[in-house]
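Step one of this worksheet: look at the structure below.
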Amino acid sequence: MRVLVVEDHSGLARNVARALRESAGYAVDVSPDGEDGLYLAQSNPYDLILLDLMLPRMAGLDVLKALRRHAVRVPVLILTSRDDKETTVALLEAGADDYLTKPFDVGEMVARCRALIRRAHGIAAPTIEVEDLIVHPEEMTAMRAGRPLSLTAMEYRLLEYMAHRPRAVLSKSELLEHLYDYNWEKFSNVLEVYISSLRRKLNSEGATPLIHTLKGRGYVLTR
């Protein structure tokens, strides 16, 4: 998953980004102001946006309104120091999906992020099930037919992203855009290497293949 953090407090932004990378395995971009954050949000396919309200150059509420006005449907988690009823109502009516009041617990933040991404893909349970494959986002683990899979961090991230979109054809560019942050150089065959390794681990012991290649189109996770 790829997440955008729009926060002008550099220390908090670093802590939030580190927690999302280490605890959830997300690729994270960070923006220090509202105008830049809006530009990034409209230019990249994020799975979640964490948005501060008090931002330079453009207020967070205005960023939120602009995103919804331009039909950007990505879930938005607001980070705010205000918890009065009027602010909460204004945020929800403007299109916010959830909010956290500063200071907040990092563990709670990560849990809310996972929940928002799950709901965005129509998944209510804390685990993701595709055929006999079960993915545990909170533990960053997966098993197939009751057998734990020994996955690298990137193999897990790739599998989790595909499991959120079973039976959807995912192009190489889409997968790269969601697995890596803004600074990643995407012109390489690294994705094919991870797909091959992940396919081998999923198909061990004669299991029915789950990852299929559609020539010229991309990959799909299904039987």
Side-chain angles (χ1 to χ4, degrees), residues 1-7 10 12-33 36-51 67 72-77 106 109-110 112-114 116-118 120-121 123 128 130 133 135-142 149-166 168-202 210-214 216-221:
M1 300 299 160
R2 188 176 176 187
V3 176
L4 173 63
V5 177
V6 188
E7 168 62 63
S10 59
L12 177 59
R14 282 196 303 271
N15 290 338
V16 168
R18 182 170 61 248
L20 292 173
R21 291 182 181 117
E22 294 178 356
S23 299
Y26 297 157
V28 183
D29 294 325
V30 177
S31 175
D33 66 74
D36 181 68
L38 178 60
Y39 171 77
L40 289 177
Q42 293 179 315
S43 304
N44 298 284
Y46 293 106
D47 298 287
L48 176 69
I49 298 173
L50 281 74
L51 179 64
L67 290 174
V72 177
R73 296 182 175 87
V74 58
V76 175
L77 172 61
V106 172
M109 177 203 70
V110 173
R112 286 176 181 262
C113 290
R114 287 193 177 109
L116 286 173
I117 291 175
R118 285 200 310 269
H121 295 96
I123 300 172
I128 308 168
V130 182
L133 171 70
V135 178
H136 298 266
E138 292 186 12
E139 302 171 6
M140 295 178 64
T141 61
L149 300 175
S150 178
L151 306 175
T152 67
M154 183 53 70
E155 288 169 353
Y156 171 78
R157 288 171 59 189
L158 174 59
L159 182 61
E160 181 186 346
Y161 185 81
M162 297 183 77
H164 272 96
R165 297 156 178 78
V169 179
L170 305 173
S171 68
K172 177 180 177 180
S173 61
E174 177 182 349
L175 289 170
L176 289 172
E177 286 173 345
H178 284 269
L179 293 174
Y180 293 99
D181 62 27
Y182 189 76
N183 297 313
W184 173 253
E185 178 56 66
K186 302 178 180 65
F187 300 101
S188 74
N189 67 343
V190 65
L191 182 63
E192 286 84 350
V193 173
Y194 286 124
I195 286 285
S196 177
S197 177
L198 185 57
R199 180 182 279 136
R200 184 173 62 254
K201 292 179 180 181
L202 286 171
L210 280 182
I211 297 178
H212 305 274
T213 302
L214 302 182
R217 298 175 62 192
Y219 306 95
V220 60
L221 180 70

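Computed from a predicted structure; not experimentally measured.
- Closest non-hydrogen pair, Cys113 versus Leu77, comes out as SG-CD2, 3.9 Å.
- Every residue two or more places apart in sequence or in another chain was checked for a salt bridge (Lys or Arg N to Asp or Glu O under 4.0 Å) with Glu160, and none qualifies.
- To the nearest 0.5 Å, atoms CG (Leu4) and CG (Asp181) are separated by 11.5 Å.
- When every heavy atom of Lys201 is checked against every heavy atom of Thr152, the shortest pair comes out as NZ-N, 4.2 Å.
- Not counting sequence neighbours, the partners of Arg18 by the side-chain hydrogen bond (donor to acceptor under 3.5 Å, both in side chains) test are Asn15.
- Taking each heavy atom of Tyr46 and Val3 in turn, the nearest pair found is CD2-C, 3.7 Å.
- Closest approach of Gly37 to Ser31, counting heavy atoms only: N-OG, 3.0 Å.
- The closest side-chain heavy-atom distance from Glu138 to Val110 is not below 4.5 Å.
- Evaluation of the salt bridge (Lys or Arg N to Asp or Glu O under 4.0 Å) rule for Arg112 yields Asp98, Glu108 as partners, not counting sequence neighbours.
- Tyr161 is linked by a ring pair (Phe, Tyr, Trp, His ring centres under 6.0 Å) to His178, counting only residues two or more places apart in sequence or in another chain.
- Atom CG of residue Leu170 and atom CG of residue Leu191 lie 10.0 Å apart, to the nearest 0.5 angstrom.
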* Between Met140 and Leu151, is a side chain to side chain contact (heavy atoms under 4.5 Å, CB included) present by the stated rule, with each step listed? -> CA-CA 9 Å; Met140 295 178 64; Leu151 306 175; over 6 Å; no
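- The side chain to side chain contact (heavy atoms under 4.5 Å, CB included) test with Pro166 singles out one residue from Leu210, Val220, Val130, Ile128, and that residue is Val130.
- With values rounded to the nearest 0.5 angstrom, Arg199 atom CZ is found 12.5 Å from Leu159 atom CG.
- In this structure, the side chains of His136 and Tyr156 stay at 4.5 Å or more apart for every pair of heavy atoms.
- His164 has its side chain within reach of Ile117: a pair of non-hydrogen atoms, C-beta onward, lies under 4.5 Å apart.
- The CD1 atom of Ile195 sits 10.5 Å away from atom NZ of Lys172, with the distance rounded to the nearest 0.5 Å.
- Considering only residues two or more places apart in sequence or on other chains, His121 meets the side-chain hydrogen bond (donor to acceptor under 3.5 Å, both in side chains) condition with Arg165.
- Contact between Glu177 and Pro45 at its shortest, heavy atoms only, is OE1-CG, 3.5 Å.
- Here CG of Leu158 is found 9.0 Å from OH of Tyr219. Values are rounded to the nearest 0.5 Å.
- Across all their heavy atoms, Val76 and Leu48 have their closest contact at N-CD1, 4.5 Å.
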* Step by step, work out the side chain to side chain contact (heavy atoms under 4.5 Å, CB included) result for Val16 and Val30. => CA-CA 10 Å; Val16 168; Val30 177; over 6 Å; no
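- Using modelled atom types, one side-chain atom of Asp47 and one backbone atom of Arg2 make a donor-acceptor pair closer than 3.5 Å.
- Here the CD1-OG distance, from Ile211 to Ser196, works out to 10.0 Å after rounding to the nearest 0.5 Å.
- Evaluation of the salt bridge (Lys or Arg N to Asp or Glu O under 4.0 Å) rule for Asp36 yields no partner, not counting sequence neighbours.
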